[in-house]
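Each chain gets a letter, A, B and so on, in the order the sequences are listed, and its residues count up from 1.
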There are 2 protein chains.
Amino acid sequence: MSTPEIQVDEKGKLKCCLEDTLSVIGGKWKLVILWHLGKEGIHRYNELRRLMPGITHKMLSQKLKELEADGLINRKQYNEVPPKVEYSLTKKGYSVMPILDTMHKWGRENE
Amino acid sequence: MSTPEIQVDEKGKLKCCLEDTLSVIGGKWKLVILWHLGKEGIHRYNELRRLMPGITHKMLSQKLKELEADGLINRKQYNEVPPKVEYSLTKKGYSVMPILDTMHKWGRENE
DNA sequence: CGGGATCCAAAACGATACTG
DNA sequence: CAGTATCGTTTTGGATCCCG
């Protein structure tokens, strides 16, 4: 009665929504990647590495691939030597920014 | 320049906020537990189990403990036989509901 | 009824080396 | 420069049994 706009009791619909969301932006690094691309714009691969000291090579490329597969980021490759690749948010990627803002705000206010 | 109210470039402050938040509400079950308690109110231990078919004994008690340790839920024990324990959200617990709403909304709108 | 303890499987994460 | 491949570690989740 308190949340008329959200119907969730139809067998697991709630869990699916929340878990789907977590599967897309959960984990240790995805939110940080999305944040940098969302707030600062386009970044190259090694720029992202520098912005996230602590992330490993493997994690960065893996998470970038997953985010691209989920349609949250664009990967633009220039066929030059040396290689050059630019990452940016898609429209869908920008749609998660409200979640980021809400979480970031909560994190600041609660220790 | 686009987000004057949020300063994050002071070495890892951003990551900390987001990661702290994820450490508190991340994982497979915490959000669902918080949702039930937030939207439906007080629940007993076995009520929560029935509301979350699929969760194991261990996970439920473990996550309830973590949520309690983080100050998001209250645990009220009645010294009766048989035992009776009620869980509910704290004020801090309710403060995460905006995150849940935002994520749930996103999950519904994006497949 | 509401857990705790133990053991095990699976997934996430990390270090390092190699490549076009 | 921008990755991939392999291996090992750490974290997370699950099955089962026990307890007051």
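Mapping B/Y45 and A/M59 onto DNA chain C by nearest heavy atom places B/Y45 at the nucleotide closer to the 5' end.
The side chain of A/R44 contributes an N or O atom lying less than 4.0 Å from OP1 or OP2 of D/dA2. OP1 and OP2 of D/dT6 both lie 4.0 Å or more from every side-chain N or O belonging to A/K58. For the OP1/OP2 pair of C/dG14 and a distance below 4.0 Å, the side-chain nitrogens and oxygens of A/K28 include at least one atom meeting the criterion. OP1 and OP2 of C/dC13 both lie 4.0 Å or more from every side-chain N or O belonging to A/T56. Taking 4.0 angstrom as the limit, B/K65 places a side-chain polar atom (N or O) nearer than this to OP1 or OP2 of C/dG4.
Atom CE of B/M52 is separated from atom CE of B/M59 by 12.5 Å, given to the nearest 0.5 angstrom.
Within the 4.5 Å cutoff, the side chain of B/D101 has heavy atoms near those of the B/K39 side chain. At least one side-chain heavy atom of A/M97 sits less than 4.5 Å from a side-chain heavy atom of A/L89. Taking the side chain as every heavy atom from C-beta outward, B/H104 and B/L31 never approach each other to under 4.5 Å. Residues A/I73 and A/L34 form a side-chain contact, since some pair of their non-hydrogen atoms from C-beta on lies under 4.5 Å apart.
D/dG3 atom P lies 16 Å from atom NZ of A/K63, rounded to whole Å. Taking atom CG of residue B/N46 and atom P of nucleotide C/dG3, one finds them 9 Å apart after rounding to whole Å. Following rounding to the nearest Å, B/E19 (CD) and C/dC13 (P) show an atom-to-atom distance of 10 Å. For the pair A/H43 NE2 and D/dA2 C1', the computed distance is 16 Å after rounding to whole Å. Atom C1' of nucleotide D/dA5 and atom CG of A/L60 are separated by 17 Å, given to the nearest angstrom. Remark: C1' of C/dC1 and CZ of B/R49 are 11 Å apart, rounded to the nearest angstrom. Between A/I55 atom CD1 and C/dC13 atom P the separation is 10 Å, expressed in whole Å. Whole-Å rounding puts the A/L31 CG to C/dA12 C1' distance at 15 Å.
Of the possible donor and acceptor atoms, none in the side chain of A/T102 sits under 3.5 Å from a partner among the backbone N and O of B/P98. Remark: the backbone N or O of B/S88 is not paired with any side-chain donor or acceptor of B/K76 at under 3.5 angstrom. The backbone N or O of A/K28 lies less than 3.5 Å from no partner atom in the side chain of A/K63, so there is not a single donor-acceptor pair.
Here A/S61 lies in heavy-atom contact (under 4.0 Å) with a base.
Of the residues A/I33, A/N74, A/V96, A/L37, the one that meets the side-chain contact (heavy atoms from CB on, under 4.5 Å) test with A/L67 is A/I33. Of the residues listed (B/L64, B/T56, B/L48, B/I55), the one engaging B/W29 in a side-chain contact (heavy atoms from CB on, under 4.5 Å) is B/I55, and it is the only one.
A donor-acceptor contact under 3.5 Å links the side chain of B/H57 to the base of C/dG3.
The stretch residues 69-89 of chain A comes close to DNA chain D through A/R75, A/P82, A/P83, A/K84, A/V85, A/Y87, each having a heavy atom under 4.0 Å from the strand.
Between the axis at the start and the axis at the end of the helix from C/dC1-D/dG20 to C/dG20-D/dC1 there is an angle of 40°, using five pairs per end and rounding to 10 degrees.
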